[in-house]
Amino acid sequence: MNKKVLCYEIIGIFFIVILGTLLHFLYECSGESQTVALFAAVNESVWEHLKLGFWPAFLYAIIEYPFIKDDTNNFLIAKTTSLYLIPIIIVVLFYTYTGILGSNNLFIDILIFIIAVVIGQLVSYSILTSPQLPMIYSVIALLALLVITAMFLLFTFSPPDLPLFMDTNTGEYGIPSS
């Protein structure tokens with residue numbers, strides 16, 4: 001076990017959860033800044049809430065890289081996997097429990113967010129401390145990272161007409177009209 005890397009991944013859990021919580025309110029507090037809209041939730045859709053895990057995890061990966069790069073393997077693969085895993089876990093668990101209960105519960109939503117972040121960081125740790133994978137996996141990870149990043153940026157302003165992107169309070173999509 002690489003205790004240094006594990007420590008950084010655990011610190012990342014707290015960083016992501018705290019920053020993600022702050023991002024929930026940042027758009028409104030910013031006076032509805034279009035720049036802030038790229039990174040913070042702009043409405044109550046499931047998609048917009050996925051940003052609360054994605055962007056803090058993305059930022060934390062950038063922050064931690066210089067500190068752990070010499071102690072790890074597969075950094076890009078690990079972080080890209082985590083950046084996909086966190087939203088996937090949130091979506092699967094959210095729609096599963098709301099399908100069963102018929103509505104959502106704030107406490108369960110927050111718990112799911114935390115669980116997704118914990119799993120994402122632990123999977124990242126596992127990949128970071130695994131033997132070096134072939135370079136093609138890093139190339140694929142980079143392409144996948146570019147795709148998901150572009151989706152989070154694009155769908156803020158042009159969300160698809162799908163339930164995942166619909167504001168549950170207003171029935172609208174994307175940035176609320178003033």
Side-chain angles (χ1 to χ4, degrees), residues 9-63 78-127 144-178:
E9 295 307 285
I10 291 170
I11 291 168
I13 292 168
F14 292 99
F15 179 91
I16 295 163
V17 169
I18 292 167
L19 184 56
T21 302
L22 294 174
L23 285 178
H24 188 276
F25 306 101
L26 188 60
Y27 176 68
E28 191 173 308
C29 291
S30 75
E32 300 181 353
S33 162
Q34 298 296 295
T35 303
V36 171
L38 291 168
F39 307 103
V42 299
N43 65 37
E44 290 299 318
S45 70
V46 174
W47 177 261
E48 287 296 314
H49 283 79
L50 298 180
K51 289 181 189 178
L52 307 182
F54 179 81
W55 290 115
F58 187 94
L59 176 60
Y60 188 73
I62 293 167
I63 292 169
K79 294 304 166 180
T80 301
T81 301
S82 179
L83 288 168
Y84 270 86
L85 200 53
I86 292 170
I88 289 169
I89 291 169
I90 290 170
V91 168
V92 169
L93 293 180
F94 176 80
Y95 282 115
T96 299
Y97 100 82
T98 56
I100 293 168
L101 297 182
S103 65
N104 70 306
N105 174 287
L106 181 60
F107 176 77
I108 297 173
D109 293 344
I110 293 168
L111 187 60
I112 286 172
F113 174 63
I114 294 168
I115 289 168
V117 171
V118 168
I119 292 171
Q121 288 297 101
L122 292 178
V123 168
S124 174
Y125 170 78
S126 177
I127 297 169
L145 180 59
L146 293 173
V147 167
I148 195 169
T149 302
M151 289 171 57
F152 275 110
L153 295 172
L154 175 66
F155 293 159
T156 293
F157 298 103
S158 299
D161 188 14
L162 298 168
L164 179 69
F165 299 90
M166 185 179 73
D167 183 328
T168 56
N169 291 342
T170 66
E172 295 180 5
Y173 295 83
I175 296 176
S177 52
S178 300

State, yes or no, whether a side-chain contact exists between [X] and [Y] at a heavy-atom distance under 4.5 Å.
{"X": "Ser45", "Y": "Leu164", "value": "no"}
{"X": "Thr21", "Y": "Leu52", "value": "no"}
{"X": "Gln121", "Y": "Ile16", "value": "yes"}
{"X": "Val91", "Y": "Trp47", "value": "no"}

Rounded to the nearest 0.5 Å, how far apart are [atom1] of [X] and [atom2] of [Y]?
{"X": "Ile148", "Y": "Leu146", "atom1": "CD1", "atom2": "CG", "result": "11.5 Å"}
{"X": "Leu153", "Y": "Thr149", "atom1": "CG", "atom2": "OG1", "result": "7.0 Å"}
{"X": "Asn43", "Y": "Thr168", "atom1": "CG", "atom2": "OG1", "result": "8.0 Å"}
{"X": "Ser103", "Y": "Leu101", "atom1": "OG", "atom2": "CG", "result": "6.0 Å"}
{"X": "Met151", "Y": "Leu50", "atom1": "CE", "atom2": "CG", "result": "9.5 Å"}
{"X": "Thr81", "Y": "Ile86", "atom1": "OG1", "atom2": "CD1", "result": "11.0 Å"}

Tell me the closest heavy-atom pair linking [X] and [Y], and the distance in Å.
{"X": "Ser82", "Y": "Gly120", "answer": "OG-O, 3.2 Å"}
{"X": "Gly174", "Y": "Pro159", "answer": "N-CG, 3.4 Å"}
{"X": "Phe107", "Y": "Asn105", "answer": "N-OD1, 2.9 Å"}
{"X": "Tyr27", "Y": "Ala41", "answer": "CB-O, 3.3 Å"}
{"X": "Ala37", "Y": "Val42", "answer": "CB-CG1, 3.5 Å"}
{"X": "Thr80", "Y": "Ala144", "answer": "CG2-CB, 4.0 Å"}

Among residues at least two apart in sequence or on other chains, which ones pass ring pair (Phe, Tyr, Trp, His ring centres under 6.0 Å) with [X]?
{"X": "Tyr84", "result": "none"}
{"X": "Phe113", "result": "none"}
{"X": "Phe58", "result": "Phe54, Trp55"}

- Message: Please check if the number of heavy atoms outside Tyr95 that lie under 6.0 Å from its OH is greater than 12.
- Response: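 Counting other residues, nucleotides and ligands, OH of Tyr95 exceeds 12 neighbours.
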
Can you sort out the partners of [X] under side chain to side chain contact (heavy atoms under 4.5 Å, CB included), two or more places apart, ordered by chain and number?
{"X": "Ile119", "value": "Leu85, Ile89, Ile115, Val123"}
{"X": "Pro160", "value": "Phe155, Leu162, Phe165"}
{"X": "Glu28", "value": "none"}
{"X": "Phe94", "value": "Val46, Tyr97, Thr98, Asn104, Asp109"}

Checking side-chain contact (heavy atoms from CB on, under 4.5 Å) for the pair Ile11/Tyr60: CA distance, chi angles, key distance, verdict?
CA-CA 9 Å; Ile11 291 168; Tyr60 188 73; 3.7 Å; yes

If you apply the rule side-chain contact (heavy atoms from CB on, under 4.5 Å), what do you find for Phe39 with Thr156, and how did you get there? CA-CA 9 Å; Phe39 307 103; Thr156 293; over 6 Å; no

| message | As a quick check of understanding, evaluate side-chain contact (heavy atoms from CB on, under 4.5 Å) for Ile90 and His49, giving each step before the final call. | response | CA-CA 9 Å; Ile90 290 170; His49 283 79; over 6 Å; no

- Query: Which residue pairs pass the salt bridge (Lys or Arg N to Asp or Glu O under 4.0 Å) test when at least one of the two sits in residues 79-107, sequence neighbours left out?
  - Reply: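 The answer is Glu9-Lys79, Glu64-Lys79.
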
Any salt bridge (Lys or Arg N to Asp or Glu O under 4.0 Å) pairs touching residues 155-176, not counting sequence neighbours?
->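 Found none.
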
Contacts of type salt bridge (charged side-chain N to carboxylate O under 4.0 Å, His left out), residue Lys51, not counting sequence neighbours
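With sequence neighbours excluded, Lys51 shows a salt bridge (charged side-chain N to carboxylate O under 4.0 Å, His left out) to Glu48, given in chain and number order.
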
